[in-house]
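Take a look at the structure set out below.
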Amino acid sequence: MTLPKFDLLQPSTLGEALEILSTTQNAQPIAGGTALLVEMRGRKAEPGVLVDLGRLGDLHGVAPAANELVIGATTTIAELLKNPHVTERASILRDACSTFASPLVRNRATIGGNVAQGSPAGDMAPALLVLDASIELRSVRGKRLVRAVDFWKGPRKTTRKSDEMVVSIRIPLSQTPWLSSWKKLGLRKADAISVASAAVRLSLTADGKCEGARVAVGAVAPTPLRLAKSENALVGKPISREAIAQAAAAAAASSVPINDVRASVDYRRRVVEVLVRRALMEAAWEVLT
Amino acid sequence: MGGADVSERKITLRVNGRTHEVSLPGHRTLLEALRDLGHTDVKNGCEKGDCGACTVLLNGRAVNSCLVLAWQADGATIVTNSGLGTADDPHPIQTAFADAGAVQCGFCTPGLVLSAKALLDANPNPTEAEIREAISGNLCRCTGYSQIVEAVRLAAVRSLKGSGEASHRGQSATDGSHSPSGSRVTGEVQ
Ligand SMILES: Cc1cc2nc3c(=O)[nH]c(=O)nc-3n(C[C@H](O)[C@H](O)[C@H](O)COP(=O)(O)OP(=O)(O)OC[C@H]3O[C@@H](n4cnc5c(N)ncnc54)[C@H](O)[C@@H]3O)c2cc1C
Ligand code: FES
Ligand code: FES
């Protein structure tokens with residue numbers, strides 16, 4: 001079956017792309033197309049005009065700066081997976097890329113498309129939440145930075161306005177040595193959308209006191225969530241199996257999952273507790289054993 | 001809603017070393033364009049990124065051609081399974097698939113061969129886990145994957161032993177084995 005008809009515009013500069021988005025009715029960006037073309041085939045999206053971001057070179061690549069990592073919106077998941085700066089300075093993002101779809105999809109799918117699509121099951125979100133990343137939006141009206149915690153508003157709803165583009169993801173780099181872990185459960189090991197996922201980062205003192213904790217989960221609420229209650233169960237205390245169990249229970253209590261083709265409400269709530277516990281155990285493993 | 005009047009544009013696709021100029025509208029996929037040009041070794045399985053039957057190498061990277069718009073591939077270099085080798089002059093990976101019994105109905109094979117090619121280009125001596133990961137976007141409903149994994153391993157082992165052109169044609173003749181055991185083959189290089 002063919003795709004619904006649309007006009008495809010292929011601007012070569014960001015300015016041109018933003019101009020089109022601000023002046024054209026029913027226009028939408030297309031980056032890797034791995035989410036959008038599938039939605040269009042299912043007639044879940046019928047944009048009249050697609051604006052291809054593939055020719056905007058300045059939106060592409062990873063630029064390390066002194067205090068942040070700037071990731072261009074059209075950088076692919078495969079490129080992130082191989083990027084030494086990402087591996088060294090934002091390893092949880094690399095981990096989330098390693099379980100993302102299949103190598104075929106990863107060669108096209110972009111981080112900007114994942115963030116902008118706003119799926120509660122998007123795998124970049126939990127990692128970006130625990131990294132405290134910000135999303136840089138641009139339009140002809142100007143630019144703004146939105147923290148990841150404020151970006152996702154509901155299933156497929158974000159703070160992005162229709163004339164705005166995600167141009168970069170900015171990850172602050174801290175001096176704190178963080179321990180991190182990513183756990184994803186899909187219906188099979190590879191090439192599967194998350195049924196539930198968890199990303200955690202811990203900062204522990206040499207004697208095992210938890211000085212900082214960040215916990216985020218995906219696919220168990222209308223948006224990806226950062227979980228203050230789970231974090232509060234850990235911070236300021238010596239890390240222990242008990243504290244981890246409490247943080248995991250808080251994650252289940254904070255989640256508001258849905259029933260869908262992949263899993264039930266009850267299953268998701270149970271499984272997110274397990275994923276958060278496993279992620280925290282793995283991150284804290286050296287100290288706990 | 002979808003614009004009724006969509007215009008065509010002429011684009012250039014370089015497929016298996018041949019240059020095609022085609023006129024088509026922006027909503028046609030690379031998969032459709034390639035099949036219309038006669039490259040029917042690129043299979044249409046699901047058209048939503050799930051099966052990998054439509055795999056091609058796009059500027060050297062293995063992608064689902066059903067998720068690429070043809071215009072996005074304007075000027076790109078594309079390699080399909082028949083670009084690697086033919087029945088008369090098969091590529092070592094294709095020979096290995098035949099020798100390992102990795103082909104049953106064959107619908108998944110062109111895509112799998114290309115995913116294997118992308119893997120071996122980047123990593124000539126992959127572990128079983130790396131092979132399974134590399135082919136995870138290619139579904140096979142017949143073989144159960146064991147022979148496919150074995151085929152990729154066999155292709156790797158043969159090219160590590162011989163090299164380049166020398167191993168290309170003489171492969172199946174010198175080796176002669178039709179279903180080598182996975183463990184023996186693996187043992188040779190580790
Ligand atoms: C087989 C398969 C498996 C998958 N597995 C996973 C998985 O494991 N994990 C996961 O998270 N996702 C998965 N996905 C979904 C999809 O691949 C990802 O969400 C991907 O990151 C989308 O990026 P894209 O570049 O392809 O976006 P596109 O499809 O091009 O766009 C997605 C949406 O974002 C908008 N958009 C794109 N770029 C921008 C931008 N720069 N600014 C503003 N808006 C923009 C588009 O208008 C569209 O609404 C899978 C998809 C398939 C087909
Ligand atoms: S036809 Fe493209 S992945 Fe199935
Ligand atoms: S051989 Fe039939 S699908 Fe793989």
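The figures here come from the full heavy-atom set of this structure, side chains too, leaving out hydrogens, waters and symmetry mates. In the text below, chain A, chain B and the rest are named by the order of the sequence lines, each starting its count at 1.
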If I take atom [atom1] from residue [X] and atom [atom2] from residue [Y], how far apart are they, to the nearest 0.5 angstrom?
| X | Y | atom1 | atom2 | value |
| --- | --- | --- | --- | --- |
| Leu9(A) | Trp71(B) | CG | CH2 | 8.0 Å |
| Arg41(A) | Glu47(B) | CZ | CD | 4.0 Å |
| Ser102(A) | Asn138(B) | OG | CG | 7.5 Å |

- Name the region of Leu37(A), side chain, backbone, both or neither, that has any atom closer than 4.5 Å to a heavy atom of chain B.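 Side chain only.
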
So for [X], is it side chain, backbone, both, or neither that comes closer than 4.5 Å to the heavy atoms of chain A?
| X | result |
| --- | --- |
| Leu139(B) | side chain |
| Gln72(B) | both |
| Ala62(B) | both |
| Arg132(B) | neither |
| Leu114(B) | neither |
| Asn44(B) | neither |

- Message: Please evaluate residues Asp52(A) and Leu69(B) with respect to the criterion side chain to side chain contact (heavy atoms under 4.5 Å, CB included), reporting the C-alpha separation (whole Å), side-chain torsions for both, the decisive distance (0.1 Å), and the verdict.
- Response: CA-CA 10 Å; Asp52(A) 182 13; Leu69(B) 296 172; over 6 Å; no

- Which of these passes side chain to side chain contact (heavy atoms under 4.5 Å, CB included) with Leu67(B): Asn107(A), Leu36(A), Thr34(A), Leu104(A)?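 Going through Asn107(A), Leu36(A), Thr34(A), Leu104(A) one by one, the side chain to side chain contact (heavy atoms under 4.5 Å, CB included) with Leu67(B) is satisfied by Thr34(A) alone.
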
- Is the shortest heavy-atom distance from the side chain of Gln10(A) to the side chain of Arg9(B) under 4.5 Å?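 SC-SC contact between Gln10(A) and Arg9(B) confirmed.
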
- Query: Does a side-chain heavy-atom distance below 4.5 Å link Pro103(A) with Ser136(B)?
  - Reply: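 A side-chain contact under 4.5 Å exists here.
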
Over 12 non-hydrogen atoms of neighbours within 6.0 angstrom of [atom1] in [X]:
| X | atom1 | result |
| --- | --- | --- |
| Arg160(A) | CZ | yes |
| Arg262(A) | CZ | yes |
| Phe107(B) | CZ | yes |

- Query: Arg55(A) and Asp74(B): side chain to side chain contact (heavy atoms under 4.5 Å, CB included), yes or no, with the steps?
  - Reply: CA-CA 11 Å; Arg55(A) 307 198 167 179; Asp74(B) 187 10; 4.0 Å; yes

- Query: Would you call Glu133(B) and Arg106(A) a salt bridge, taking side-chain N to carboxylate O under 4.0 Å as the test?
  - Reply: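 A salt bridge links Glu133(B) with Arg106(A).
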
- Taking it one step at a time, do Leu3(A) and Glu32(B) satisfy side chain to side chain contact (heavy atoms under 4.5 Å, CB included)? CA-CA 11 Å; Leu3(A) 287 164; Glu32(B) 292 166 329; 5.9 Å; no

- Please check if the side chain of Arg108(A) supplies one atom and the backbone of Val63(B) the other of a donor-acceptor pair under 3.5 Å.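 No; zero donor-acceptor contacts below 3.5 Å.
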
